S.K.: 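Dropping the structure in here first, questions after.
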Amino acid sequence: MKDSIKYLFFLALLTGLNYSCKKENFTTDSAAKLSFSTDTVMFDTVFTTIGSATKQFKIYNRNNQYIKVSSIYLANAANSHFRLNINGTHAAKVENIEIPPKDSLFVFVEVTLNPANLNNPLEIVDSIVCVVNGNVQDVKLVAFGQDVYLVNGRTLRNDTVWNGEKPILVYNSMLLDSNRTLTINRGTKIYFHRNSSMYVKGKIIVNGTKDLPVIFRNDRLEHDYDNISSQWSGIVLFSGSFNNVINYAEIKNGVIGLQVGNIENLCGASVVIKNTKIENMSYACVFSIASAIDAYNCVFANGAFYTTAIVVGGSYSFYNTTFADYAGSGRSDPSVVISNNLEYDNNIYLGNLVKADFGNCIIYGNSQVEMGLSNKVDADFNYKFDHCLLKLDATVNINDAVHFNTIYKNLDPLFKSTSDKLDFQLEVTSPAIDKGSDSIVNAHFQFLQYDLNGVIRTNSPELGAYEKVE
């Protein structure tokens, strides 16, 4: 009797389990196919040996019944450069995946490319194959990869020349040793992984050209990252690094684009910057401590705090340079700050501001005031704005002939684009047109004869880095 009861109980339990695990009917109709959110997953250029961003797409069952996908797999299987996560499962192949009616599943894709010793981008293709009801469907995978010269936490202890045959990828930062020169020739592209910096104790010479500038930027090449700051740290010229030259460079998407000098050693550094754009920084485009900068035909744009901060004095001259700050609407600091002091770590540092000369410049942005002065009387504080368009506090006296000459106050310069395109050329109706000083151009003719675009400057030049284009 007990055995019969046990048998009946087991039978009932089995019946209950069969009932509870019962599924909806699966369609086996060959006309019941899958749909996809895209037919191709495309990766922009990624560096060999370095993983890409993650892309995703969805697989849809648009039928009114359950559908069972016999298999989803990479066509190149173990030889594929791609990696999959299918509905939470990391695998190159999964089988018997069920999709409820009118439902979907996610597929995530990454790619890592092996070095191919090629200087030009290479195309890597594969596909994700789905087999369902006898149908074979696929989604194409395409990635463009490029071999790089990897600088991983290295110190350059010899004079070095980078000619740009391959992109340079800096991982875990790099240091140029004292008394050494790094020459970076035209067309070289230097990419920095997150939190990486170029530290310079020696000297860098950047020899870009108008058509082949030297690029310093983040290593995320997807278009979504084109204008996002804080993707790497920046270039630091340590105090004692003198006679640096940067010509025709583009420095973008970091924290501080170019730091000149450091607070631990107030002997400062020096650099000449020509025909260069420093843009999209989460702190400052240029941050200088008790140092010397001469800049010509430059654009310093969109620093979340400053485009240019000069602290603890130094010696500076900026000619036909555009300082433009539209890095969000919440900024409270001026775009350009000039100071002979700095409060840092509960200490106040002072340094003589020998000069801070601005000629034929534009300082403008979306904050109420874009130029600020901070003077401690125990140190020299010399500055002069000559033929400049400035966004100033209403109380600033531009009739003070010691510090100001021919100032266009609080006039919108009418840049062509202050959004993602970051085009700080001037509209034809700009009030900055024909307002520059010929004498400033003539005094620095070697550097100012042509504008940032290579357009020759004529009489009555424009303010800022660009001449008007008819």
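When reading the values below, keep in mind they use all heavy atoms of this one structure, side chains included, and skip hydrogens, waters and symmetry mates. One is the number of the first residue; the rest follow in order along the sequence. Because the structure is a prediction, the values reported are computed rather than measured.
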S.K.: Could you check whether S37 and Y60, counting side-chain N and O atoms only, form a donor-acceptor pair closer than 3.5 Å?
M.R.: no

S.K.: Closer than 3.5 angstrom, by distance alone: can the side chain of S291 be matched with the main-chain N or O of A269 as a donor-acceptor pair?
M.R.: yes

S.K.: Less than 6.0 angstrom from the centroid, inside 45 degrees of the normal: does K166 satisfy that with respect to the ring of Y149?
M.R.: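 No; the conditions do not both hold, so K166 does not lie above the ring face of Y149.
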
S.K.: Would you tell me whether T27 and N63 have side-chain atoms, one donor and one acceptor, within less than 3.5 Å of each other?
M.R.: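 No donor-acceptor contact under 3.5 Å links the two side chains.
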
S.K.: Less than 6.0 angstrom separating the ring centers of Y319 and F447, yes or no?
M.R.: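 No, the ring centres sit 6.0 Å or more apart.
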
S.K.: Is it true that the side chains of D147 and T48 contain a donor and an acceptor less than 3.5 Å apart?
M.R.: yes

S.K.: Distance alone, cut at 3.5 Å: any donor-acceptor contact between the side chains of N275 and N247?
M.R.: yes

S.K.: Nearest 0.5 Å, what's the CD-CZ distance between E123 and F144?
M.R.: 4.5 Å

S.K.: Passes side chain to side chain contact (heavy atoms under 4.5 Å, CB included), L414 versus T429? Steps please.
M.R.: CA-CA 7 Å; L414 300 179; T429 55; 3.4 Å; yes

S.K.: Less than 6.0 Å separating the ring centroids of F238 and Y199?
M.R.: yes

S.K.: What's the spacing between Y73 OH and D138 CG if we round to 0.5 Å?
M.R.: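 Answer for the OH-CG pair, Y73 versus D138, is 9.0 Å.
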
S.K.: What's the spacing between T276 OG1 and F300 CZ if we round to 0.5 Å?
M.R.: 7.5 Å

S.K.: Does atom CD of E343 have more than 12 heavy-atom neighbours, drawn from other residues, nucleotides or ligands, at distances under 6.0 Å?
M.R.: no

S.K.: Answer yes or no: is there a donor N or O on one side and an acceptor on the other, between the side chain of S270 and the main chain of N243, under 3.5 Å?
M.R.: yes

S.K.: Taking everything shown except K189 itself, do over 12 heavy atoms lie less than 6.0 Å from its NZ?
M.R.: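 No, NZ of K189 has 12 or fewer neighbouring heavy atoms, counting only those of other groups under 6.0 Å.
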
S.K.: Find the distance between OG1 (T209) and CG (N185) and round it off to the nearest 0.5 Å.
M.R.: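 One gets 10.5 Å once the value is rounded to the nearest 0.5 Å.
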
S.K.: If I take atom CD from residue E370 and atom CD1 from residue I362, how far apart are they, to the nearest 0.5 angstrom?
M.R.: 13.0 Å

S.K.: Please confirm whether K274 makes a cation-pi placement over Y296, using NZ or CZ under 6.0 Å from the six-membered ring centre and within 45° of the ring normal.
M.R.: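 Verdict for Y296: no cation-pi partner in K274.
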
S.K.: Do D325 side-chain atoms and S335 backbone N/O form a donor-acceptor pair below 3.5 Å?
M.R.: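 Checked: no pair found.
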
S.K.: Within the side chain of D219, is there an N or O that forms a donor-acceptor pair under 3.5 Å with the backbone of Y191?
M.R.: no

S.K.: Kindly check if the number of other-residue, nucleotide or ligand heavy atoms within 6.0 Å of CG (N179) is above 12?
M.R.: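 Atom CG in N179 is not crowded, with 12 or fewer foreign heavy atoms closer than 6.0 Å.
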
S.K.: Using modelled atom types only, decide if a donor and an acceptor are shared between the side chain of S127 and the backbone of V129 within a distance under 3.5 Å.
M.R.: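 Not confirmed, S127 side chain does not pair with V129 backbone.
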
S.K.: Does one side chain, of D177 or T155, offer a donor that lies under 3.5 Å from an acceptor on the other?
M.R.: no

S.K.: Is N61 reaching over with its side chain to a backbone N or O of I99, donor-acceptor style, under 3.5 angstrom?
M.R.: yes

S.K.: Can T160 and R180 be counted as having a side-chain donor-acceptor contact under 3.5 angstrom?
M.R.: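 Not at all, the side chains of T160 and R180 share no donor-acceptor pair under 3.5 Å.
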
S.K.: Count the heavy atoms belonging to other residues, nucleotides or ligands that lie under 6.0 Å from NZ of K55, then report whether that count exceeds 12.
M.R.: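 Correct, the count exceeds 12.
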
S.K.: Parallel, tilted or perpendicular: which fits the ring planes of Y283 and F287, with parallel below 30° and perpendicular above 60°?
M.R.: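 The arrangement is tilted - the two ring planes meet at 30° to 60°.
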
S.K.: Tell me, yes or no, whether the heavy-atom count around R186 atom CZ, taken from other residues, nucleotides or ligands under 6.0 Å, exceeds 12.
M.R.: no

S.K.: Is it true that a side-chain atom of N218 and a backbone atom of R220 form a donor plus acceptor pair closer than 3.5 Å?
M.R.: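 Yes, N218 side chain to R220 backbone: donor-acceptor pair under 3.5 Å.
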
S.K.: Could you check F192 against S197 for side chain to side chain contact (heavy atoms under 4.5 Å, CB included), going step by step and ending with a plain yes or no?
M.R.: CA-CA 7 Å; F192 293 81; S197 299; 6.0 Å; no

S.K.: Keeping S71 on the side-chain end and E95 on the backbone end, is there a donor-acceptor pair under 3.5 Å?
M.R.: no

S.K.: Would you call the rings of F424 and F415 parallel, tilted or perpendicular, taking 30° and 60° as the class edges?
M.R.: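 Judged by the thresholds at 30° and 60°, the geometry between F424 and F415 is perpendicular.
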
S.K.: So, taking the atom named CG in L258 and the one named OG1 in T308, what distance separates them when rounded to the nearest 0.5 Å?
M.R.: 9.5 Å

S.K.: Is a side-chain donor or acceptor of S239 paired with a backbone partner of L266 at a separation under 3.5 angstrom?
M.R.: no

S.K.: For Q137 and N135, test the side chains for any donor-to-acceptor distance below 3.5 angstrom and give the result as yes or no.
M.R.: no

S.K.: Would you mind checking if E279 and K252 are paired as a salt bridge, meaning a charged N to carboxylate O distance below 4.0 Å?
M.R.: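 Salt bridge: no.
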
S.K.: Determine whether D126 and S80 satisfy the following criterion, side-chain hydrogen bond (donor to acceptor under 3.5 Å, both in side chains), listing intermediate values before the conclusion.
M.R.: CA-CA 7 Å; D126 202 343; S80 181; 2.5 Å; yes

S.K.: When you look at F216 and I278, which way does the side chain to side chain contact (heavy atoms under 4.5 Å, CB included) test go after all the steps?
M.R.: CA-CA 9 Å; F216 300 83; I278 305 179; over 6 Å; no

S.K.: For the residue pair D423 / Q425, report whether a side-chain donor-acceptor contact shorter than 3.5 Å exists.
M.R.: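 Side chains of Q425 and D423: pair found under 3.5 Å.
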
S.K.: For the ring pair F323 and Y364, is the centre-to-centre distance below 6.0 Å?
M.R.: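 Not close enough - the centres of the two rings lie 6.0 Å or further apart.
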
S.K.: May I ask you to say whether R331 pairs ionically with D333, meaning some side-chain N is under 4.0 Å from a carboxylate O?
M.R.: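 No, R331 and D333 are not salt-bridged.
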
S.K.: Please check: side-chain N/O of N244 versus main-chain N/O of V272, any donor-acceptor pairing under 3.5 Å?
M.R.: no

S.K.: Does F47, at its CZ atom, have more than 12 non-hydrogen atoms belonging to other residues, nucleotides or ligands within less than 6.0 Å?
M.R.: yes

S.K.: Do R457 and E467 meet the salt-bridge criterion of a basic N to acidic O distance under 4.0 Å?
M.R.: yes

